[in-house]
Protein chains: 2
Amino acid sequence: MSVVETKEKLLETALALIWQSNYSVVGVNEICKQAGVTKGAFYHHFESKASLFCEATAYYWQVIKKDLDNIFSPVNSPLEQLENLIQFLFRSKLSDNTVRGCPFFNAGAQIGTDDEKVLEALKNLSQTAITYNLALIKALDAGGYLERSGDMEQQARLVYHYIHGVMSYAYVQPDINTIKKDLPEGLYRLLGVKRDYWFSASPTWEAEPAILKHQA
Amino acid sequence: MSVVETKEKLLETALALIWQSNYSVVGVNEICKQAGVTKGAFYHHFESKASLFCEATAYYWQVIKKDLDNIFSPVNSPLEQLENLIQFLFRSKLSDNTVRGCPFFNAGAQIGTDDEKVLEALKNLSQTAITYNLALIKALDAGGYLERSGDMEQQARLVYHYIHGVMSYAYVQPDINTIKKDLPEGLYRLLGVKRDYWFSASPTWEAEPAILKHQA
DNA sequence: AAGCTTACATACCGGTCGGTATGCCCGTCA
DNA sequence: TGACGGGCATACCGACCGGTATGTAAGCTT
């Protein structure tokens with residue numbers, strides 16, 4: 001295993017484990033064991049467990065950025081982009097009942113805000129997500145799909161809030177049929193998409209999300 | 001300290017501590033220390049830490065049920081009820097930046113779903129909250145405040161999702177001004193309240209929420 | 001080939017965790 | 001007044017935690 005391979009293996013294993021349970025429960029020992037490396041290797045690459053989490057956050061975005069750029073590709077109409085986003089959320093987080101909620105924010109809630117770096121990583125994470133939402137909203141608005149124009153940055157946050165809430169709900173109530181109804185309904189309502197356009201788009205994005213490879 | 005006092009003290013202390021940080025970080029020792037009792041007393045009243053969490057969940061509802069019944073009192077108009085709810089969420093969770101997110105679902109995400117009792121307690125918690133939402137929506141609909149009638153049970157869930165998402169966001173970005181804008185906006189949008197009625201109600205509920213007493 | 005660095009492996013550290021065993025104190029009731 | 005049991009307090013347990021100290025084998029440099 002080359003150098004970069006070992007580090008990436010640790011990153012991916014940590015992602016998968018934290019994803020499946022949570023930051024506090026998953027120990028360094030277990031991450032190492034699953035990754036097939038030793039603790040010495042771990043602390044050769046990361047100065048602490050919290051540091052690993054920060055790097056994993058960055059790594060996570062690097063991985064799914066491709067997916068997001070694909071979802072929000074300009075070749076897709078705004079409605080298609082929205083539908084793609086919905087499909088993506090299902091696939092990446094609700095395709096089986098072992099993955100519930102957003103692990104990074106669950107984790108963030110566990111680490112505590114005293115760790116400045118962790119907090120910063122989480123802020124970046126959410127801000128990036130909101131930025132993607134904003135682009136989508138602008139496209140929807142420009143395309144005349146929205147009932148009215150408002151504060152689009154706020155709308156981007158609203159969408160973010162809602163998605164996070166739905167994902168968290170899925171943790172306790174992993175009823176995928178309910179979620180499959182609630183997620184689009186809430187998004188269309190929050191965005192204020194004109195009723196004529198509800199559920200009118202078909203997904204143009206069919207590739208398997210890269211993030212799935214993180215799961216066991 | 002009488003028998004029931006000791007147990008309640010433990011319950012309240014645990015609530016406050018978990019509220020301020022999270023389940024994993026707060027240890028039994030610290031709960032005991034803060035409550036001014038010993039570990040022996042703790043394990044006299046609770047069979048485990050997870051069991052404490054379950055009882056605390058029930059206790060929590062018992063405490064805030066008074067507030068909720070007050071907020072959703074039939075003497076208030078539906079719009080007033082909605083405004084009361086918004087105010088309640090601010091007061092109980094956003095009045096200072098030490099309280100972020102819903103501690104019970106943060107905690108639930110930490111304990112793990114392998115503990116059946118904990119999962120059950122969380123399900124009850126969310127279901128009760130959704131039931132309150134449903135009553136509000138029915139009242140709003142009956143009063144003609146909504147743009148259209150839909151699946152009200154679903155709407156109740158949407159509102160629940162959204163509130164949870166906003167509260168979680170507040171954990172990472174404790175910017176109360178943003179939240180104060182986002183929370184009502186999202187709720188009005190999700191509920192589909194007619195624009196004429198947006199922000200038209202004044203709160204009729206001014207009492208200090210009982211739950212505040214749990215905070216340090 | 002000598003010397004140095006990288007990339008680990010192994011063994012182990014002090015501390016903390018949730019949980020338990022035991023016994024004392026004190027109110028109750030015979 | 002003495003036996004008894006609920007309501008604790010104290011002392012302690014083994015497991016496990018994140019993190020470290022030290023060793024070492026392989027490669028790169030000179």
Side-chain angles (χ1 to χ4, degrees), chain A residues 1-15 17-18 20-57 59 106-118 121, chain B residues 1-15 17-18 20-57 106-119 121:
Chain A
M1 198 152 31
S2 76
V3 173
V4 54
E5 271 175 356
T6 298
K7 184 161 185 177
E8 280 200 358
K9 193 80 208 297
L10 280 168
L11 247 10
E12 288 180 14
T13 306
L15 277 175
L17 290 177
I18 294 176
Q20 283 165 39
S21 55
N22 69 78
Y23 178 85
S24 302
V25 162
V26 177
V28 173
N29 286 323
E30 192 181 345
I31 293 173
C32 293
K33 197 174 171 185
Q34 289 277 339
V37 303
T38 59
K39 223 165 167 181
F42 182 98
Y43 280 97
H44 173 74
H45 289 289
F46 306 98
E47 71 173 10
S48 71
K49 189 188 172 190
S51 159
L52 162 75
F53 179 81
C54 292
E55 291 205 38
T57 304
Y59 183 78
N106 290 344
Q110 292 150 24
I111 296 179
T113 49
D114 39 273
D115 194 319
E116 200 61 41
K117 281 188 181 176
V118 171
Chain B
M1 196 152 32
S2 78
V3 174
V4 56
E5 271 176 355
T6 299
K7 184 162 184 177
E8 280 199 359
K9 193 80 208 297
L10 280 169
L11 247 11
E12 288 181 14
T13 306
L15 277 175
L17 290 177
I18 293 175
Q20 283 166 39
S21 54
N22 69 77
Y23 178 85
S24 302
V25 162
V26 176
V28 174
N29 286 322
E30 191 181 345
I31 294 173
C32 294
K33 198 174 172 185
Q34 289 276 340
V37 304
T38 59
K39 224 164 166 182
F42 182 98
Y43 280 97
H44 174 74
H45 289 288
F46 305 99
E47 69 173 11
S48 71
K49 189 188 174 189
S51 160
L52 162 75
F53 179 80
C54 292
E55 291 205 38
T57 303
N106 290 344
Q110 292 151 23
I111 296 179
T113 49
D114 39 274
D115 194 318
E116 201 59 42
K117 281 187 180 176
V118 171
L119 192 56

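In this text, all values refer to a predicted model and were calculated from it rather than measured experimentally. By convention in this document, chain letters (A, B, ...) are assigned in the order of the sequence lines, proteins followed by strands, and residues within each chain are numbered from 1.
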Protein-nucleotide distance ([X], atom [atom1]; [N], atom [atom2]), rounded to Å:
X	N	atom1	atom2	value
Leu52(A)	dC17(D)	CG	P	15 Å
Phe53(B)	dG18(C)	CZ	P	14 Å
Glu30(A)	dG18(D)	CD	C1'	14 Å
Ile31(A)	dC17(D)	CD1	C1'	12 Å

Between [Y] and [X], is there a side-chain heavy-atom distance shorter than 4.5 Å?
X	Y	result
His45(A)	Thr6(A)	yes
Leu52(B)	Leu11(B)	yes
Lys39(A)	Val28(A)	yes

Look for any protein N or O under 3.5 Å of an N or O in nucleotides 19-21 of chain C and output each such pair with its distance, or none.
from	atom 1	to	atom 2	distance (Å)
dG19(C)	OP2	Tyr43(B)	OH	2.9
dG19(C)	OP2	Lys49(B)	N	3.0
dG19(C)	N7	Lys39(B)	NZ	3.0
dG19(C)	O6	Lys39(B)	NZ	2.5

When you measure from the centre of the six-membered ring of Phe46(A), is the NZ or CZ of Lys7(A) closer than 6.0 Å and no more than 45° off the axis?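 Yes, Lys7(A) and Phe46(A) form such a contact.
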Look at [X] and [N] and indicate whether a side-chain polar atom (N or O) is within less than 4.0 Å of OP1 or OP2.
X	N	result
His44(B)	dG7(D)	yes
Thr6(B)	dG7(D)	no
His45(A)	dC8(C)	yes

Tell me if a side-chain donor or acceptor on Tyr59(A) pairs with a main-chain N or O of Leu15(A) at a distance below 3.5 Å.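 No; judged by distance alone, with no hydrogens or angles, the pair does not exist.
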If only atom types and distance count, is the side chain of Lys49(B) paired as donor or acceptor with the main-chain N or O of Tyr23(B) below 3.5 Å?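 Looks like yes, one N/O pair under 3.5 Å.
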